[in-house]
K.L.:
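Encoded as C-alpha cells, here's the structure I'll be asking about.
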Amino acid sequence: MSVVITVPELAKEMHKDAAKLYEWAARKVDPMPVRYVDGERYGSVLVSEFESWFKRNTALYSERRRNGG
C-alpha cells in the first residue's frame with residue numbers, strides 16, 4: 001500500500017476531477033491535507049492523513065439515510 005499518493009492519482013481513484021480535490025484543499029475549514037515537495041508539479045497526500053480527513057468529512061450510507069440525506 002502506498003504511503004503517499006499524488007492528487008491526480010487520488011482523483012482518479014475517487015472518480016473525481018483533480019480540480020475538485022484542490023477545491024477541498026483550499027477550504028477555510030478542515031481543508032484536505034495536500035502537501036508539496038519542492039520542484040514537484042502536483043500536490044501529494046499522505047494516505048493516513050487523507051483517511052482521517054475523509055472520515056471527518058463524509059457520512060456512512062446508513063447515517064445519511066437515517067438523517068434524510
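Quick note: residue numbers are just sequence positions, from 1.
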K.L.:
Quick check for you: to the nearest 0.5 Å, what is the distance between Arg35 atom CZ and Leu46 atom CG?
P.N.:
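If we round to the nearest 0.5 Å, Arg35:CZ and Leu46:CG are 5.0 Å apart.
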K.L.:
Please name the pair of heavy atoms, one in Pro8 and one in Ala18, separated by the smallest distance, quoted to 0.1 Å.
P.N.:
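Heavy-atom minimum between the residues: CA-CB, 4.5 Å.
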K.L.:
For Arg41, enumerate each residue passing the side-chain contact (heavy atoms from CB on, under 4.5 Å) test, keeping only those at least two apart in sequence or located in another chain.
P.N.:
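Applying side-chain contact (heavy atoms from CB on, under 4.5 Å) to Arg41 gives none.
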K.L.:
Would you call the rings of Trp24 and Trp53 parallel, tilted or perpendicular, taking 30° and 60° as the class edges?
P.N.:
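Because their plane-to-plane angle lies in the 30° to 60° range, the rings of Trp24 and Trp53 count as tilted.
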K.L.:
Main chain of Val7, side chain of Tyr22: is a donor-acceptor contact present, judged purely on distance under 3.5 Å?
P.N.:
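No; judged by distance alone, with no hydrogens or angles, the pair does not exist.
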K.L.:
My understanding is that only residues two or more places apart in sequence, or in another chain, count here; which of them pass ring-ring contact (aromatic ring centres under 6.0 Å, His included) with Phe54?
P.N.:
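By the ring-ring contact (aromatic ring centres under 6.0 Å, His included) rule, Phe54 matches Phe50.
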K.L.:
Can you tell if the side chain of Val45 reaches within under 4.5 Å of the side chain of Val4, non-hydrogen atoms only?
P.N.:
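Counting from C-beta outward, Val45 and Val4 never come under 4.5 Å.
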K.L.:
Excluding sequence neighbours, so at least two apart, what forms side-chain contact (heavy atoms from CB on, under 4.5 Å) with Glu9?
P.N.:
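Applying side-chain contact (heavy atoms from CB on, under 4.5 Å) to Glu9 gives Ile5, Thr6.
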K.L.:
OG/Ser44 to CD/Glu49 distance, rounded to the nearest 0.5 angstrom?
P.N.:
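Reported to 0.5 Å precision, the distance equals 11.5 Å.
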K.L.:
How long is the gap from CE on Met32 to CG on Asn57, to the nearest 0.5 Å?
P.N.:
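If I round to the nearest 0.5 Å, the distance is 10.5 Å.
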K.L.:
Decide yes or no for Val47 and Val3: does some side-chain heavy atom of the first lie under 4.5 Å from some side-chain heavy atom of the second?
P.N.:
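A side-chain contact under 4.5 Å is absent here.
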K.L.:
I'd like to know whether Val34 forms a side chain to side chain contact (heavy atoms under 4.5 Å, CB included) with Leu21, so could you lay out the CA-CA distance, the side-chain angles of the two residues, the decisive distance to 0.1 Å, and finally the verdict.
P.N.:
CA-CA 9 Å; Val34 174; Leu21 275 65; over 6 Å; no
